[in-house]
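Right, one structure below, let's go through it.
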Protein chains: 2
Amino acid sequence: MDYEEIMKQNGLKRTKNRFRILKILDIGDIPLSAGSIYNCLKEEEIEVSLSTVYRTLEKLSEMNIIRKLTFNGDNSTFFESIKKGHRHYLICLKCRSITVLNKCPIKGYQEDIEKETSYIIEGHKLDMYGYCPKCKDK
Amino acid sequence: MDYEEIMKQNGLKRTKNRFRILKILDIGDIPLSAGSIYNCLKEEEIEVSLSTVYRTLEKLSEMNIIRKLTFNGDNSTFFESIKKGHRHYLICLKCRSITVLNKCPIKGYQEDIEKETSYIIEGHKLDMYGYCPKCKDK
DNA sequence: CTACATGCAAACCGTTTGCACCCTA
DNA sequence: TAGGGTGCAAACGGTTTGCATGTAG
């Protein structure tokens with residue numbers, strides 16, 4: 001089901017702003033903060049207010065079209081399209097750059113924890129922290 | 001090496017406030033926010049300002065006596081003693097309670113990523129998200 | 001035409017900082 | 001008694017919200 005469908009079903013209007021924000025999140029390969037999405041739009045000479053960006057991101061999160069992420073050491077929230085699938089991240093402790101990791105080593109762990117704790121596990125988040133090739137030598 | 005030694009070596013004074021905060025972090029078994037530490041102190045009828053709590057936590061983090069943690073969906077930072085060792089967490093998406101998981105499924109993954117990406121990996125963070133036994137039925 | 005979307009400015013809230021005073025070593 | 005520690009209030013920065021206006025359906 002595509003974005004238009006999902007929006008229609010949830011009674012959301014399909015506005016230019018929403019599609020622009022979705023496009024930015026679809027094209028980029030790393031999670032973006034509200035502020036950097038806002039800056040992308042500005043660079044494209046598109047006028048949107050920051051609050052619209054936040055409100056849009058909130059709506060899209062509620063509709064499970066995008067997901068919110070936070071990382072240790074960052075004071076802002078990041079967003080990425082659900083289409084990116086299940087992934088992990090490698091954060092540089094110096095320059096804060098984000099690298100995507102597609103390999104997931106968890107597998108059976110989730111089921112183990114579910115049995116042990118009687119929780120219903122919805123998902124997990126695994127981030128690696130270290131120094132990227134550019135920063136590690138300095 | 002104990003806390004006193006570490007503080008002495010870093011030229012930090014050993015004040016009552018610092019030991020009180022360390023004690024709270026040592027006793028508790030789950031990560032705490034600055035605000036909840038502040039409240040603990042209040043309950044013990046100890047007068048400390050919130051900014052002292054923050055400054056202390058910052059110092060202790062720099063000295064690697066405690067570590068900072070952030071979780072998806074929380075807007076505050078959590079702290080725990082390094083003495084707790086390497087652990088993972090299970091966060092309830094409804095009541096936001098935190099459960100500690102001692103099993104770590106990562107092992108070889110870290111080395112694999114190090115080779116693949118040429119990063120120096122310092123550590124990783126794995127959190128599970130789901131619904132706790134109390135919340136899952138509601 | 002109606003309900004949702006948006007811009008703007010103000011409010012929010014966790015966190016940080018400047019400054020004067022206090023206390024440990 | 002010197003230099004770090006602390007309280008208080010103000011500043012900060014990311015995020016949210018109230019309100020009046022704009023626009024999709």
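No hydrogens, no waters, no symmetry mates; every other heavy atom, side chains included, goes into these values. A, B, ... follow the sequence lines: proteins, then strands. Residue 1 opens every chain.
Atoms CG (A:Asn17) and C1' (D:dA24) sit 12 Å apart, rounded to a whole Å. In this entry the distance linking OH of B:Tyr38 with C1' of C:dT16 reads 16 Å, nearest Å. Rounded to whole angstrom, the span from the CG atom of B:Asn10 across to the P atom of D:dG3 amounts to 19 Å. Counting to the nearest Å, the C1' atom of C:dG7 and the CZ atom of A:Arg18 are 14 Å from each other. Protein atom CZ of B:Phe19 is 13 Å distant from nucleotide atom C1' of D:dG5, rounded to whole Å. Between A:Glu47 atom CD and D:dT23 atom C1' there is a gap of 16 Å when expressed in whole angstrom units. The CE-C1' distance, from A:Met7 to D:dG25, rounds to 15 Å in whole Å. As rounded to whole Å, 19 Å separates atom P of D:dG5 from atom CD1 of B:Ile46.
A distance-only check finds a donor-acceptor pair linking the side chain of B:Tyr129 to the backbone of B:Asn72 [under 3.5 Å]. Side-chain atoms of A:Tyr109 come within 3.5 Å of backbone atoms of B:Lys103 as a donor-acceptor pair (strictly under, hydrogens ignored).
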* To do: Starting at the 5' end of nucleotides 10-16 of chain D, put B wherever the base has a protein heavy atom under 4.0 Å, S where only the sugar-phosphate does, and a dash everywhere else.
  => ----SBB
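Taking a 6.0 Å sphere around NZ of A:Lys59, one finds it holds 12 or fewer heavy atoms contributed by other residues, nucleotides or ligands.
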Restricting to nitrogen or oxygen on both sides, can you table the protein-nucleotides 19-25 of chain C pairs closer than 3.5 Å?
unit_1 : atom_1 : unit_2  : atom_2 : d
C:dT24 : O2     : B:Lys13 : NZ     : 3.0
C:dA25 : OP1    : B:Arg14 : N      : 3.2

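For the helix from C:dC1-D:dG25 to C:dA25-D:dT1, the terminal axes (five pairs an end, C1' atoms, rotation from four pairs onto the next four) enclose an angle of 30°, given to 10 degrees.
In this view, B:Lys125 and B:Asp127 satisfy the side chain to side chain donor-acceptor pair (under 3.5 Å) rule, not counting sequence neighbours. For B:Glu111, the side-chain contact (heavy atoms from CB on, under 4.5 Å) test picks out no residue, with sequence neighbours left out. Under the side-chain contact (heavy atoms from CB on, under 4.5 Å) criterion, A:Asp137 pairs with no residue at all, not counting sequence neighbours. Every residue meeting the salt bridge (Lys or Arg N to Asp or Glu O under 4.0 Å) condition with B:Arg87, not counting sequence neighbours, appears here in chain and number order: B:Glu80. The side-chain contact (heavy atoms from CB on, under 4.5 Å) test applied to B:Ser36 returns B:Leu32, B:Ser33, not counting sequence neighbours. Qualifying side-chain contact (heavy atoms from CB on, under 4.5 Å) partners for A:Lys94, counting only residues two or more places apart in sequence or in other chains: A:Cys92, A:Tyr131, A:Cys135, A:Lys138.
Residue pairs meeting the salt bridge (charged side-chain N to carboxylate O under 4.0 Å, His left out) criterion with at least one partner in residues 13-42 of chain B, sequence neighbours excluded, are B:Asp26-B:Lys83. Within the structure, ring-ring contact (aromatic ring centres under 6.0 Å, His included) pairs that include any residue of residues 31-84 of chain A comprise A:Phe71-A:Phe78, A:Phe71-A:Tyr89 (at least two apart or interchain).
Applying a 4.0 Å cut-off to non-hydrogen atoms, none of the residues of residues 23-32 of chain B approaches DNA chain C.
Regarding contacts with the backbone of D:dT6, every side-chain N or O of B:Thr52 stays at 4.0 angstrom or more from both OP1 and OP2.
Shown here for A:Leu50 and A:Ala34, the closest heavy-atom pair between the two residues is CD2-O, 4.4 Å.
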